[in-house]
Protein chains: 2
Amino acid sequence: MSSVRAIADELGVSVATVSRALNNHPGVSEEMRKRVLQTADRTGYRPSVGRKPTNVIGLAYPNEPVRADFGAFEAVLLAGVLEGVNERKFDLTFINVNRDKNRSETYEQFFNRKGVRGVIVRPLDNSGMPEAIAADGFPMVLVADRSDDPRVNFIDSDSRRTSRQAVEHLIGLGHKRIGLAIHRVADSDHRDREAGYRTALSGAGIPLEESLIVRAEASPEGGAMMLMSLLEQETPPTAIYFTNPLSTVGALHKCLQLGIRVPKDLSIVGFDDGDIRMRTFPRFTAVCQDAQALGLEAARWLTRSLTGEANGTFREIRPTTLAVLDSTSFPPLTPVRLSERSRVVQAT
Amino acid sequence: MSSVRAIADELGVSVATVSRALNNHPGVSEEMRKRVLQTADRTGYRPSVGRKPTNVIGLAYPNEPVRADFGAFEAVLLAGVLEGVNERKFDLTFINVNRDKNRSETYEQFFNRKGVRGVIVRPLDNSGMPEAIAADGFPMVLVADRSDDPRVNFIDSDSRRTSRQAVEHLIGLGHKRIGLAIHRVADSDHRDREAGYRTALSGAGIPLEESLIVRAEASPEGGAMMLMSLLEQETPPTAIYFTNPLSTVGALHKCLQLGIRVPKDLSIVGFDDGDIRMRTFPRFTAVCQDAQALGLEAARWLTRSLTGEANGTFREIRPTTLAVLDSTSFPPLTPVRLSERSRVVQAT
DNA sequence: CTGGACGCTGGAACAGTTACACTGGCGGGA
DNA sequence: TCCCGCCAGTGTAACTGTTCCAGCGTCCAG
C-alpha cells in the first residue's frame, strides 16, 4: 500500500505537493497534479488518516440536489439500505456526486476523500456513472437498475415476467381491450413492464393497438390524465395496467370521483413498491416490487464484501410478485366511456 | 485548542494512552480513562485529524435499528433536511446512537469520533438525549419536538391552535358530538392536538365526553379500529378528528368499505404531513404540518450556525394550517351507527 | 521460588495536512 | 536597462491522531 511519502519519493517531490495535488488544493501546477494522480492511481494509493478504519458507506446520488420529491419508493429503498448497513454496524452517508466531485479526480479518489469505503449507487439517469465507478475499482453496488458492464455489481427487480402474468390475468378474466399507462421516460423498469404487456397480448393472439398505450408523468395527476385519455377513446379499454404506484393511486381516485366502479365498470392493475395497494379503495391488484428487500440486499452484500465475508461479483435480479386484490374482475357488458366533458356515458 | 499531546503532557502520560482512552479502546485502566476524559473535557479537546475540516452533519436517531417503518413523515422530513444541508454544501450521515455510543464517552466525544460537526436530533422517545447533547455543548438542533431546556435548539410545529380551529370548523357546521381519534402514546404532538380539541369544545360550551376520545396505534388499521369503536357507541359522533395521517387514511378506507358516505353521513378531519389528503377519496380536510419545512429550517440553521452566519439559540414553533377540503360538511339528520357485526344501521 | 500470563503504559513510527519559507520568473516603474 | 515587488509553485518542518511492539509490574500456578 502506497502513501503520500512513497508517491513523493518516487516523483522526487515533497509530501506537501502530493497532498495538495490529491486534494485538489490550489497552488499546484496542472502538470504536477496530473503526474501525482497518475502515480497514485498506478500504485493503488488509498488514504488512511491515522490508520483509523472508518466503516461508512455512501449512498451516491448523481443528481443535484437530492430529489425533493422524495417519493415512496425512495423512502422504502432507504429503509432497506439502513437496515442492511446496520447489520454489520456500518454507517450511511449521502453523497451528492454532481455537487462535490471534481472533474479531475477519479471516483476512487473522490469517494476516498469523502471517507467512505463503498457506495450504493442510485442512478436517476443514464449517466454512465455506475460503470465509471466500477472501472475505477471502487467497491460499489448499483441498486434498482442494471448494467451490461461485467464489473458492475447490481441488484434489480425484473417486472417483465410478472407484468406478463398481470396482463394474462386480465385476459383470463375475459378482457380483450387492455390499456397500458406508462411513465413518460423509458427507463429499464418501464421497458420491462411494457415488454411484459406486449408479450402477454401476442401470446394470447390479441392484436396490439398502439392507441391503447399512453404515457405521462409518474404522478397521481399523470395517472388521472392517462385514465381519461384512454376512456375518452372511441372504443375504450375494459382494463388498464398502470405501471407505477403513484399513477395507479391517481387513477383510482379519479374513478371514485367520476363514479366509475372498480372493478365492476373497469378493471385496474397497478404497481406497488410497498403497501400502497392496501390503502386505496378498492385495494388494487398489483405487480409488487419489494423495494425494501432491494436496498437491504444491496447493503448486505456491499458490507459483507467489505468485511471479507463475500467476494466475487454480485448480479441479482429479483422477481416481482403478482398480488390479486379487489380491483380486477370480469369485463363489463358495456364498457365505460367518457365524453369530452369528462362525464360518464355508456359506450355504444 | 488542546491536543492529545497537550493532554498527555499535562497528565504525565504518553499520547498512546490518551488516544486509547479517548477512543474507548481496551487496555487502559478505568482510572486512567477517567482522568484523561476529565482533562479532555476541561481543556475543550476536539480531535482534528490532520487538521482537515469535515463538513458533515449527523442525523441522530436514538433507537436501534433505524425505524423499519419509515413512514411518510420521516421521508418528507428527511427530504427537507437533505435540501437544507445541501445549501451550504454539507453532507448528511445517519448516526445510530444506541448502537454505537459508548457508555463512558460524552456526546461531544462520540460525535467527534463519528466525524460530524453538528447533529440534527430526531428523538422517538423521552430519552433526555437532546438535553444531554446540548449540555455537552455540541452543536445540535432538535427537530419535530421541543424542550424546556434553554440550551436546546429546536424547531417544532404547534398543532394546538389549528386543532382547535379544526374542531371549531366542525362545530360551525353544526356538529355537536365530535370524536377524537388519537395516537396511543401521548407525545408532545398528540398532546397538542388533544388540547386543541378540548379547548374548542369548552369554548363552544359543549360538554366533554371521555367516551368520544379513543386511542390506538398510528396506523391505517388503528384508524379503522378507532372509527368502528366510535360508530358502535350508543349515540355515535357525527364528526371525528383523526390526529394522524395514517389513521385518517385507514378510517376513510373503512368508510368506503362500509358504504359510509363522507362527508354526507360522517365528517372527518384528518392530519397531514405532506399531501396525502389530496390522494384519498374524498380528499380530506386536514390540519397540515409542513414536515419538509421543519427539516429544511433545522438543517439551514444548523449549517449556518456552523459557518458563522447564525448564532444564538434557535427555538422556533411553526404554525400548522387548516386545509378545508371535501371530507367535512353538515351533520346528517340521522347519524350513522354500526352494529356489533359492523353493518351500517341507522341510529335511533 | 520461579516462570509465564496478563494488564497497563510508553516509545517510536506511521498516517496526512498545512503554516511558513524559499525560489525563480515575470512585469512595471525609475 | 535595472531593480523591485509580486506571484505561482514547491519544500521544510511542525502539527494532527493512531497503532505496533516492547517493557514493566503483578499475580498465580507449578
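Because the structure is predicted, anything quoted here is derived from the model rather than measured. Each chain gets a letter, A, B and so on, in the order the sequences are listed, and its residues count up from 1.
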*Please give, in whole Å, the distance from D:dT10 C1' to A:Leu11 CG?*
13 Å
*Could you state the CD-C1' distance from A:Glu30 to D:dA8, rounded to the nearest angstrom?*
13 Å
*Can you check the B:Ile7 CD1 to D:dC15 P distance for me, whole Å?*
16 Å
*Out of C:dG11, D:dT16, D:dT10, which has the shortest distance to the side chain of B:Arg5?*
D:dT16
*Shortest non-hydrogen contact from A:Val116 to A:Phe138?*
O-CZ, 3.3 Å
*asked:* Distance check, rounded to the nearest 0.5 Å: B:Leu294 atom CG versus B:Ser157 atom OG?
replied: 5.0 Å
_From CZ of B:Arg33 over to C1' of C:dT9, roughly how many Å is that when rounded to an integer?_
13 Å
*Between C1' of C:dG16 and CG of A:Leu22, the distance in whole Å*: 10 Å
*When all nucleic acid strands are considered with a 4.0 Å heavy-atom cut-off, which category describes A:Val18: base, sugar-phosphate, or nothing?*
nothing
*Which nucleotide in the set D:dC20, D:dG9, D:dT12 lies at the smallest distance from any side-chain heavy atom of A:Ser29?*
D:dG9
*D:dG17 base / B:Arg20 side chain donor-acceptor hit below 3.5 Å*: no
*Hey, could you give me the CG/CG distance between A:Leu37 and A:Leu22, rounded to the nearest 0.5 Å?*
6.5 Å
*Could you check how far CE of B:Met32 sits from P of C:dC8, rounded to whole Å?*
11 Å
*Does the ring center of A:Phe94 lie less than 6.0 Å from the ring center of B:Phe94?*
yes
*Output the single nucleotide from C:dA15, D:dT16, C:dT9 whose closest atom is nearest the side chain of A:Ser3.*
C:dA15
*Any side-chain N or O of A:Ser19 under 4.0 Å from OP1/OP2 of C:dG16?*
no
*Which nucleotide, C:dG11, D:dG11, C:dT17, lies nearest any side-chain atom of B:Ala16?*
C:dG11
_Whether B:His25 contacts D:dT18 is assessed here as follows: a side-chain N or O lying under 4.0 Å from the phosphate OP1 or OP2. Is that the case?_
no
*Report the residue from B:Arg318, B:Arg146, B:Arg315, B:Arg191 that forms a salt bridge (charged side-chain N to carboxylate O under 4.0 Å, His left out) with B:Asp156.*
B:Arg146
